[in-house]
Trainee: 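Below is the structure I would like to discuss, written out as C-alpha cells.
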Amino acid sequence: MRPISPSPHLSRLAIAALATCWAPLAAAQVAVLDKIGNTTGGLATTLGAGDFFGQEVTGIGDLDDDGIEDIAVGAFRDDDGAPNAGAIYVILMNFDGSVKAEQKISATSGGFLGDAVTGDQLAAFDEFGISVAALGDYDGDGNTELAVGAPGDDANTGAVWVLYLNDNGTVKSNKTRRITQLVPWSPTPGARFGTSVAGIGDIDTNFVGDLAVGAPSDSASGQSKGAVYIIPMFSNGTPDFSSQISEGLGGFTGQLDFDSFGAAVCDLGVNHIVVGAPADDDGGSNTGAIYVLEHNLSGTVQSFTKISQTSGGFSSQLDDFGFFGFSIEEIRTGISDNAPDLLVGAPLSNDGGTSQGAMWILFMDFSENLRGEVKISATTGGFTGTIDPGDKFGSGVAAADINL
C-alpha cells in the first residue's frame, strides 16, 4: 500500500449498516465510533426485522438549524402499507452523533400521500428507500429536497421519488413527484432504475440541482449490462431531459458484462461522477470496480478511468465476491492536496467473518487519479466497533459533518 500523509481534518462519516463514525485519519484509522440502531444511539422507533435500515444513508444539511448536520436513512424492506414497500427516516442529530429526533416517511407516515399530480402510490416490493440523495433547495424554503429510489416499482423497471421536506422532516404532500418515464431515454423493463441516486449539481445552469440515477439491470446496451442516467431537473420535481450512459451509449466506451454498472453513483464535482460496478470480475469473481466518468453539459461521457483489482493504480487486494463499488461517496479528507476523495463499500468482504464487510478510502488527486487507498474493516484500519458475520458493513456510506 502506498503511504498517505496523515491529516487531522476529516468529515465525520455515516457508514451504513453499522454506524456513524468520526475518522481523522492520523495513520488512516477510526478514532471514535457511534452506532445507531434498535438498542443504541437514541433511535426512538423500533425497527422491524428485515427492514434493512441503514443500507443507504446521506447527509441532508442542517434541517432544524441547530448547527449540526442531519441525515436521511433508508429502510427499503419496511412493510408500511404493503410488504417491502419501503421507507426512509429523516434523522436530526445531536453533536455527539446520537439521535435527537427522527421522522419516518413511508406509505403511511410522514405526510406522504403519493404523487401530487398523478396520485401514484407506493406498492408492495417497490423498495422505496434503497437509495437517497439530497438535491438542494428546489422551492426556496431553506430545506433540501430528496430523491429516493424505488427500483422495484412497475415490476422492477423502477422509479425515483422527489420529496419536498418541511423543517421537521415531514413531506410537503402537495409537491411530491414520481419519476419514471424520461425523454429521450427511459429505463428498459426490469432495469431497476433508482437502485442508486446522486445529486450532481446544476449541469444545465437553470439554478435547480440535477440528478444521476443508476439502473444496474438496464438492457439498453445488452442484457442486464446496466446504465446510469444523467437527468437535469426542473424545480417542480420533473425531469428536463435524460442522457443514458452504458456500453456504447452516451459516449461511454468501457466494456461491461453482468457487472451491475449503476449499482452505486456519486458526484465528484465539476462534471464528474463515479459509478459502481460491484459484479465486475477484474482479478477475480465479483471483486468489483468503480468508474470515474467526466461528462459534458449534455450528460455524455468525455473520458473515464476504471479502478479495480487490475486497473487504475489500485495496489491492494480485493476479495472475490466482495462487491467493491456497491456503495460510493465523495469526501474531503484534507490529505495533502485537499482533492475530493472517495469512500467505497465492499459489503460482502470476509474480513473477520463471512460477509462482515469492509470500506475503502481512496485518495484521489485533482485529475481524478488514484494516489493510494486504505481499508477499514473488523480486522484493519483501527475500527473498534463490533461487526458480526452477515452485517455487510459498507453497504452504504455517506459524509456528514457532525463533529468537526
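As the structure is a prediction and not an experimental result, all values here were calculated from the model.
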Trainee: Any salt bridge (charged side-chain N to carboxylate O under 4.0 Å, His left out) pairs touching residues 245-261, not counting sequence neighbours?
Mentor: K225-E247
Trainee: Does any pair with a residue in residues 145-157 pass salt bridge (charged side-chain N to carboxylate O under 4.0 Å, His left out), and if so which ones, sequence neighbours excluded?
Mentor: D153-R178
Trainee: Hey, could you give me each pair passing ring pair (Phe, Tyr, Trp, His ring centres under 6.0 Å) that has a residue in residues 230-266? Not counting sequence neighbours.
Mentor: F252-F261, F252-Y291, F252-F304, F261-Y291
Trainee: Could you pull out all residues at least two apart from D240 that satisfy side-chain hydrogen bond (donor to acceptor under 3.5 Å, both in side chains)?
Mentor: none
Trainee: Is the side chain of T195 donor-acceptor paired with the backbone N or O of G214 at a distance under 3.5 Å, no angle test?
Mentor: no
Trainee: Within the side chain of D341, is there an N or O that forms a donor-acceptor pair under 3.5 Å with the backbone of I331?
Mentor: no
Trainee: For a quick test of reading the model, state the closest non-hydrogen atom pair linking P278 to S260 and the distance between them.
Mentor: CD-O, 3.5 Å
Trainee: How long is the gap from OG1 on T108 to CG on D80, to the nearest 0.5 Å?
Mentor: 3.5 Å
Trainee: Apply side-chain hydrogen bond (donor to acceptor under 3.5 Å, both in side chains) to D139 and list each qualifying residue two or more places apart in sequence or on a separate chain.
Mentor: K172, K175
Trainee: How far does CG of L135 sit from OG1 of T58, to the nearest 0.5 angstrom?
Mentor: 9.5 Å
Trainee: Taking all atoms of both residues into account, what is the closest heavy-atom pair of G194 and V160, and its distance?
Mentor: CA-CG2, 3.9 Å
Trainee: So does G190 get a backbone contact from the side chain of T157, meaning a donor-acceptor N/O pair under 3.5 Å?
Mentor: yes
Trainee: Where the side chain of N296 meets the backbone of G299, is there a donor-acceptor pair that is under 3.5 Å apart?
Mentor: yes
Trainee: Shortest non-hydrogen contact from V275 to I328?
Mentor: C-CD1, 3.7 Å
Trainee: How would you list, by chain and number, every residue that makes a ring-ring contact (aromatic ring centres under 6.0 Å, His included) with F112, sequence neighbours excluded?
Mentor: F128, W161
Trainee: Tell me if a side-chain donor or acceptor on D202 pairs with a main-chain N or O of G209 at a distance below 3.5 Å.
Mentor: no
Trainee: Provide the closest heavy-atom pair for G226 versus L256 in the form atom of the first, atom of the second, distance.
Mentor: O-CD1, 4.3 Å
Trainee: Going from CG on L47 to CZ on F53, what distance comes out if it is rounded to the nearest 0.5 angstrom?
Mentor: 5.5 Å
Trainee: If every non-hydrogen atom of S327 is compared with every non-hydrogen atom of A264, which pair is closest and at what distance?
Mentor: CA-CB, 3.8 Å
Trainee: What's the spacing between I60 CD1 and E69 CD if we round to 0.5 Å?
Mentor: 8.0 Å
Trainee: Looking at G169, is its backbone amide N or carbonyl O close enough to the side chain of N166 to form a donor-acceptor pair, meaning the two atoms are under 3.5 Å apart?
Mentor: no
Trainee: Taking side-chain hydrogen bond (donor to acceptor under 3.5 Å, both in side chains) as the definition, give me every residue that meets it alongside D282, ordered by chain and number, with sequence neighbours left out.
Mentor: K306, S308, T310
Trainee: Give a yes or no on whether Q223 atom CD has more than 12 heavy-atom contacts from other residues, nucleotides or ligands under 6.0 Å away.
Mentor: no
Trainee: Looking at P187 and L182, what are the two nearest heavy atoms and their distance?
Mentor: CD-CD1, 4.2 Å
Trainee: To the nearest 0.5 angstrom, please state how far the CD1 atom of I88 sits from the CD1 atom of I130.
Mentor: 13.5 Å
Trainee: Determine which pairs satisfy ring pair (Phe, Tyr, Trp, His ring centres under 6.0 Å) with at least one residue from residues 185-221, sequence neighbours left out, and list them in order.
Mentor: F193-Y229
Trainee: With sequence neighbours left out, what residues match N286 under side-chain contact (heavy atoms from CB on, under 4.5 Å)?
Mentor: A279, D281, F321, F323
Trainee: Apply the side-chain contact (heavy atoms from CB on, under 4.5 Å) test between L297 and each candidate in N271, T205, D204; give the one that qualifies.
Mentor: N271
Trainee: Determine yes or no for a side-chain-to-main-chain donor-acceptor pair under 3.5 angstrom, with E102 supplying the side chain and A44 the backbone.
Mentor: yes
Trainee: When you check the side-chain N and O atoms of E294 and S303, is any donor under 3.5 Å from an acceptor?
Mentor: yes
Trainee: How many angstroms lie between CD1 in I361 and CG in L342, if you round to the nearest 0.5 Å?
Mentor: 10.5 Å
Trainee: Between Q356 (side chain only) and K392 (backbone N and O only), is there a donor and an acceptor less than 3.5 Å apart?
Mentor: no
Trainee: Could you pull out all donor-acceptor pairs under 3.5 Å where a side-chain atom in residues 344-353 meets a protein atom, sequence neighbours excluded?
Mentor:
from: S349; atom 1: OG; to: D319; atom 2: OD2; distance (Å): 3.4
from: S349; atom 1: OG; to: A346; atom 2: O; distance (Å): 3.2
from: N350; atom 1: OD1; to: S355; atom 2: N; distance (Å): 2.8
from: D351; atom 1: OD1; to: K375; atom 2: NZ; distance (Å): 3.0
from: D351; atom 1: OD2; to: K375; atom 2: NZ; distance (Å): 3.0
from: D351; atom 1: OD2; to: S377; atom 2: OG; distance (Å): 2.7
from: D351; atom 1: OD2; to: T379; atom 2: OG1; distance (Å): 3.3

Trainee: Is it the case that the side chain of D120 and the backbone of D115 share a donor-acceptor pair, with hydrogens and angles ignored and the cut-off at 3.5 Å?
Mentor: no
Trainee: Under the rule for salt bridge (charged side-chain N to carboxylate O under 4.0 Å, His left out), what residues qualify as partners of E127, not counting sequence neighbours?
Mentor: R77, R192
Trainee: Let's go through S316 and E373 carefully: what are the C-alpha distance in whole Å and the side-chain angles of both, what is the deciding distance for side-chain hydrogen bond (donor to acceptor under 3.5 Å, both in side chains) to 0.1 Å, and is it a yes or a no?
Mentor: CA-CA 8 Å; S316 302; E373 68 274 350; 2.7 Å; yes
Trainee: Using side-chain hydrogen bond (donor to acceptor under 3.5 Å, both in side chains) as the criterion, list what pairs up with D51, not counting sequence neighbours.
Mentor: none
Trainee: Is a donor on one side and an acceptor on the other found under 3.5 Å between the side chain of D66 and the backbone of I68?
Mentor: yes
